[in-house]
Amino acid sequence: MLTAAPLLSPAPAPPRCHVAIPLRCHAPTQQVAAAAADRGLLLRGAGSPVVKRAPGGWLLWYQCGARVALAASTDGLRWGPPVEPDPLVASTDWWAFDTAAVRPSDVLLFSGPDASARSGFPSSAVYWLYYSGSTDERFGSPFPAAAAAAEDVPALPGLAISQDGRHWARIEGDHHTGALLGVGEEEEGGEPRRGWEARCVAAPKVVLHAEGDLRMYYHSFDEMSQRHAIGLARSKDGVRWRKAGKVLEGGKAGSFDEGGVRHGHVVRDRAAGRYVMVYEGVDANGRVSIGMAVSEDGLKGWRRSSELPILRPSDDDEGWDSTVVGSPCLVQMDGAYDWRMYYTGVGRDGEAAIGMAYSEGHGLQKFEKWDAVLM
């Protein structure tokens, strides 16, 4: 591993983290007709999408089995085959936190003024990949078939950096396993104590608020409430982090997220000047939908934008996402009120896939699934 580098300016209870079926990778093929059951579908055999617009096109990091894969696109809809070799695989260091599986969570893209595109990848850009790692092979799956399918699988956050988005070098964090944070490790008065996130620190999504002010949103399972919640950690350099407590918990009885919240992805809304979080909400029966919350400063005062989810599993029993929708990744388009949301879906057959929904001029209150079928 590399030692920590300064951030560039921008242009031991086992965790209950979520597992499902193993993934099979497929080279994308294009279909002409769109069946109703396949509406929104972009890529089969994949999960945990991290989508970024970059000079020259779009980039998609996603989970395939126990590793991270990468695909490129000119429009964010039609994706090419996976780049070889795989950008990030499990660590070979026996003591590391990610020896069995890695899952992408977020990517920060930093570039100089002379960044230019070459083969769809910015030649002078620097990528920071935040990911979840595990020492348990059962982590090699992007999404649970249901909340009840949660297994006791350890997961901690890690960081890797790259010049081209393909070849990565891990950055060693402060935790003895090389992770950026450990479970249940908070300090109060200089003494370690057991924190609410004693089971895992999973799905680190990172926002660069300003130079020297980075925020990481992650989820864990709170043993006291027996529900998942989303927490916050802060950093000055993107490598050394300090936990700052919960920011969002499960909703009231009868709500779509009363069973807990997780996989929160936060972006800053250019039009409204506020922060928006899309997240997985689990209801009392284990059904997983996608909800939304907003905050003025991204630190506190998070409130649900609606008591209803912004995206539910398909009503079509044969739909590719009829069982679960989650792992959302929100992208603001050129229009101030135009957004895309990439997400993972699971069908009745247990296969995971990546799809896309969009919102145009609806104030982020309404998302429609993309009509094209591009697998």
Side-chain angles (χ1 to χ4, degrees), residues 1 12-20 22-23 46-50 61-70 86-91 93 96-108 127-144 149-161 168 170-175 177-185 197-207 215-221 228-233 235 238-239 241 243 260-266 279-280 326-329 343-344 352 354:
M1 288 189 178
R16 183 182 291 180
C17 288
H18 304 290
V19 187
L23 284 176
S48 302
V50 177
W61 293 269
Y62 59 95
Q63 185 184 4
C64 187
R67 64 191 186 276
V68 176
L70 171 64
D86 294 317
L88 191 68
V89 297
S91 174
D93 295 323
F97 70 99
D98 54 354
T99 56
V102 290
R103 177 186 300 174
S105 296
D106 208 351
V107 173
L108 298 186
Y127 302 81
W128 288 50
L129 168 64
Y130 290 91
Y131 66 95
S132 294
S134 175
T135 57
D136 194 309
E137 294 181 355
R138 292 173 294 171
F139 192 67
S141 169
F143 203 83
E151 300 280 354
D152 289 329
V153 179
L156 293 177
L159 170 64
I161 62 172
W168 296 88
R170 285 171 167 83
I171 298 295
E172 187 169 356
D174 287 342
H175 194 258
T177 63
L180 301 178
L181 288 169
V183 295
E185 296 172 356
E197 64 281 73
R199 294 212 174 186
C200 66
V201 178
K205 315 285 187 177
V206 177
V207 172
R215 293 94 179 266
M216 177 193 293
Y217 302 86
Y218 62 89
H219 74 252
S220 189
F221 184 79
H228 286 87
I230 294 172
L232 171 70
S235 173
V239 179
W241 294 86
K243 296 173 183 174
V261 295
R262 60 197 187 207
H263 286 278
H265 181 227
V266 176
Y279 64 91
E280 293 177 13
S327 295
C329 177
Y343 65 97
T344 303
I354 292 173

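Quantities reported herein were computed from a predicted structural model and do not represent experimental measurements.
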*Taking 4.0 angstrom as the limit, do D98 and R170 come out as a salt bridge?*
yes
*To the nearest 0.5 angstrom, please state how far the CG atom of D86 sits from the SG atom of C64.*
7.5 Å
*side-chain contact (heavy atoms from CB on, under 4.5 Å) partner of W241, the single match among L159, V206, L232*: V206
*Hey, what do you get for OH (Y218) to CG (L180), rounding to the nearest 0.5 Å?*
12.0 Å
_Applying side chain to side chain contact (heavy atoms under 4.5 Å, CB included) to Y131 and L88, what does each step give before you reach the verdict?_
CA-CA 10 Å; Y131 66 95; L88 191 68; 3.9 Å; yes
*Does some side-chain heavy atom of L129 sit less than 4.5 Å from a side-chain heavy atom of W168?*
yes
*Check the pair D106, H265 against side chain to side chain contact (heavy atoms under 4.5 Å, CB included), reporting the backbone distance first and the verdict last.*
CA-CA 9 Å; D106 208 351; H265 181 227; 4.3 Å; yes
*Could you grab the distance from atom CD1 of I230 to atom CD of E197, nearest 0.5 Å is fine?*
13.0 Å
*asked:* Testing the basics here: between V201 and P157, what is the closest heavy-atom pair and its distance to 0.1 Å?
replied: O-CD, 3.3 Å
*asked:* Any non-hydrogen side-chain atom of L108 less than 4.5 Å from a side-chain atom of Y130?
replied: yes
*Taking every non-hydrogen atom, the tightest pair across G47 and Y62*: O-CB, 3.4 Å
*For the residue pair A203 and S132, what are the closest heavy atoms and their distance?*
N-OG, 2.8 Å
*asked:* Measuring only between side-chain heavy atoms, which start at C-beta, is L181 closer than 4.5 Å to K243?
replied: yes
*Give a yes or no on whether the backbone of R103 and the side-chain of Q63 come within a donor-acceptor separation of less than 3.5 Å.*
no
*Please answer whether the main-chain N or O of K205 pairs with a side-chain N or O of S105 as donor and acceptor at a distance below 3.5 Å.*
no
*What about the rings of H263 and Y279, do their centers lie closer together than 6.0 Å?*
no
*A198 and V183: which non-hydrogen atoms are nearest, and at how many Å?*
O-CB, 3.7 Å
*Are T99 and D93 close enough, and set up right, to give a side chain to side chain contact (heavy atoms under 4.5 Å, CB included), and what steps lead you there?*
CA-CA 7 Å; T99 56; D93 295 323; 5.7 Å; no
*Measure across I354 and P49 and return the closest heavy-atom pair with its distance rounded to 0.1 Å.*
CD1-CB, 3.9 Å
*Where the side chain of S220 meets the backbone of C200, is there a donor-acceptor pair that is under 3.5 Å apart?*
yes
_Quick one, V207 with Y217, criterion side chain to side chain contact (heavy atoms under 4.5 Å, CB included). Give me CA distance, side-chain angles, the key distance, then yes/no._
CA-CA 8 Å; V207 172; Y217 302 86; 3.9 Å; yes
*Drop me the distance from S327's OG to E280's CD, to the nearest 0.5 angstrom.*
4.5 Å
*Roughly how far, to the nearest 0.5 Å, is CG of L156 from OG1 of T177?*
5.5 Å
